[in-house]
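Residue numbers count from 1 along this sequence. Remember, it's a predicted structure, so these values are computed and weren't measured experimentally.
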Amino acid sequence: MENTQAAQAIIPLMGGNNNINKIWHCMTRLRFDVVDESRVEWDAIKKLPGVLGAQYQRDQVQVIIGPQVTLWYQAIMAKRDPAAGEAAVKTHKGLISRFMDTVSGVFGPIVPAIAGAGMIKGLLAGLIALNIISAKSDTVMVIDLIASGVFYFLPFFLAVSAARIFNTNEYLAAAVAACLMYPTLMDAAKALAAHTPGAAGAFYFIDVIPVSVFNYSASVIPVIMSVWALSYIHRGVNALMPEVFKTVFTPTLTLFITALVSLTLIGPLGIYVGKALALFIQGLFDISAVFAGVIVGAIRPVAVLTGMHHAMTPVALQNFATKGYDMLMPMMFMANMAIAGSTFALCFHSKTRAERSVVLSAAISALLGITEPALFGVLTKYKKAFIATTISSALASAFIAFFGVRLYGYILSSIFSLPAYIGPYFMYILMGVTLSLGLAFLLTYFMVVKGKPLIQPDPETAR
């Protein structure tokens, strides 16, 4: 069965269109908001060619696909009824579940853009640190504008992606982001930050309502919250507007109301929420960088397993925006290498060529930054292997945190990301990778009982 056929077979196995409220995806998983989880045919889904696993986490069905997830999503949506989900009954979801759904849904589609730009930014920092090119050269200026454009205009990317998650107009969402990014506001924020005499801390709408001056470039939470508000305002205005006036006045009032609310209330609130998250993480580092490394490194494998790892993305981006660097992403790198190391060790416990091929493929995938095949397809079958992974991730993260290893641009946590660390911390990140991979390999090799089959044979095919 081809991937497109397997993808299209998922909807009936989910209980049909009327059992699905919403479908979206992150980098490796298809995510389904379903009405009744009991109608999902779990065993049949897991047996589909190309499916690495399936689970019910945070009130959503997650089907683990791997790097091909975008193609699967496109195949599903190509056959999905446009009116599907309208008859579905919305289920009550907790605040944390809704938050995680939103974060994973918003960031999943735009990761290639920010990861690619981040890699270029990291390589540029390394070339400058090694004095290969001059920081004041035109070459650096050109490379920097290529690398920094995505991050500077990140609110536009987030606005479009969030509009799809909140089922609202993408162009109105981009228009709201444009209001937050307008040069008048940006220039005022820069003047305020530079302590320019006479710089205003706020503009006043009708001389009464303050519009606080903030720099929203590279910000994350303000624009997501604004688009969330837009989705409700748009529906409300459209419901109240007479049919004859909807074409002109619905978008007019929607944009005006949403932009005003965003500039006066949501935007500043989002800035403070983002700063609070960054301060929380900074608090861990203030206690001890090693302590922060142990905590982040230990929870990272579990976070990926449950799909909660996306919660760290806004914090990392906030750090890049405010500090120019981040220390969380190197720890995520250590976690991925620990997952790869443990999975490589399990290759030596494989008893058949087919078994070894599957495990080796998962290990290489983890080495390249995609850890779901290793976690769901291999490590979850072995409690001791997962413990070994967690210990190695925590110790390696504490090690690099002790030496202050940091990153200057968002990149995928892959072995091919090493050149982005070229500079004063390069030797320490190499030592950290070696420690994470080596320790995870050795602990797993000696902790896991030899002889236990990694993959249970299908009784039908075994005959």
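Taking Phe399 as the reference, Phe403 meet the ring-ring contact (aromatic ring centres under 6.0 Å, His included) condition, with sequence neighbours excluded. Remark: Ser417 pairs with no residue by the side chain to side chain donor-acceptor pair (under 3.5 Å) rule, at least two apart or across chains. Residues forming a ring-ring contact (aromatic ring centres under 6.0 Å, His included) with Tyr73 (at least two apart in sequence, or on another chain): His25. With sequence neighbours excluded, no residue satisfies side chain to side chain donor-acceptor pair (under 3.5 Å) with Gln74.
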Inset, instruction - Start with the C-alpha distance between Ile64 and Val51, add both sets of side-chain angles, then the distance that settles side chain to side chain contact (heavy atoms under 4.5 Å, CB included), and finish with yes or no. - result: CA-CA 6 Å; Ile64 299 90; Val51 171; over 6 Å; no

Legend entry - Full working for side chain to side chain contact (heavy atoms under 4.5 Å, CB included) between Phe291 and Ile295: CA-CA 6 Å; Phe291 174 74; Ile295 297 299; 3.8 Å; yes

Inset, instruction - Take Val359 and Phe344 through the side chain to side chain contact (heavy atoms under 4.5 Å, CB included) test and state the conclusion after the steps. - result: CA-CA 7 Å; Val359 177; Phe344 274 120; over 6 Å; no

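Two rings, from Phe153 and Tyr216, have their centers 6.0 Å or more apart. Taking the six-membered ring for Trp, Phe214 and Tyr272 have ring centres closer than 6.0 Å.
We find the NZ-CD distance between Lys46 and Gln55 to be 9.0 Å, quoted to the nearest 0.5 Å. Rounded to the nearest 0.5 Å, atoms NZ (Lys22) and CZ (Phe166) are 7.5 Å apart. Once rounded to the nearest 0.5 Å, the distance linking CD1 of Ile429 with CE of Met337 reads 9.5 Å. In this structure, CD1 on Ile387 lies 11.5 Å from OG on Ser392, to the nearest 0.5 angstrom. Cys347 contributes atom SG, which lies 8.5 Å from atom CZ of Phe441 (distance to the nearest 0.5 angstrom). Here OH of Tyr421 is found 7.0 Å from CE of Met329. Values are rounded to the nearest 0.5 Å.
With Met334 as the fixed residue, the side-chain contact (heavy atoms from CB on, under 4.5 Å) test singles out one of Leu437, Val433, Val405: Val433.
Met327 and Ala401 make their closest contact through CE-O, 4.2 Å (heavy atoms, listed as atom of the first residue, atom of the second, distance). When all heavy atoms of Ala385 and Leu346 are compared, the pair lying nearest together is CB-CD1, 4.2 Å. When all heavy atoms of Leu367 and Ala340 are compared, the pair lying nearest together is N-CB, 3.8 Å. The shortest heavy-atom contact between Val63 and Ile10 is CG1-CD1, 4.4 Å. Smallest separation of non-hydrogen atoms from Leu407 and Ala420: CD1-O, 4.2 Å. Nearest heavy-atom pair across Leu435 and Ala396 is CD2-CA, 3.8 Å.
Met14 has its side chain within reach of Ile45: a pair of non-hydrogen atoms, C-beta onward, lies under 4.5 Å apart.
Applying the salt bridge (charged side-chain N to carboxylate O under 4.0 Å, His left out) definition to pairs two or more places apart or across chains, none involves residues 329-349. Screening residues 418-430 for salt bridge (charged side-chain N to carboxylate O under 4.0 Å, His left out) gives no qualifying pairs among residues at least two apart or on separate chains.
Counting only N and O atoms by type, the side chains of Ser231 and Thr168 include no donor and acceptor under 3.5 Å apart.
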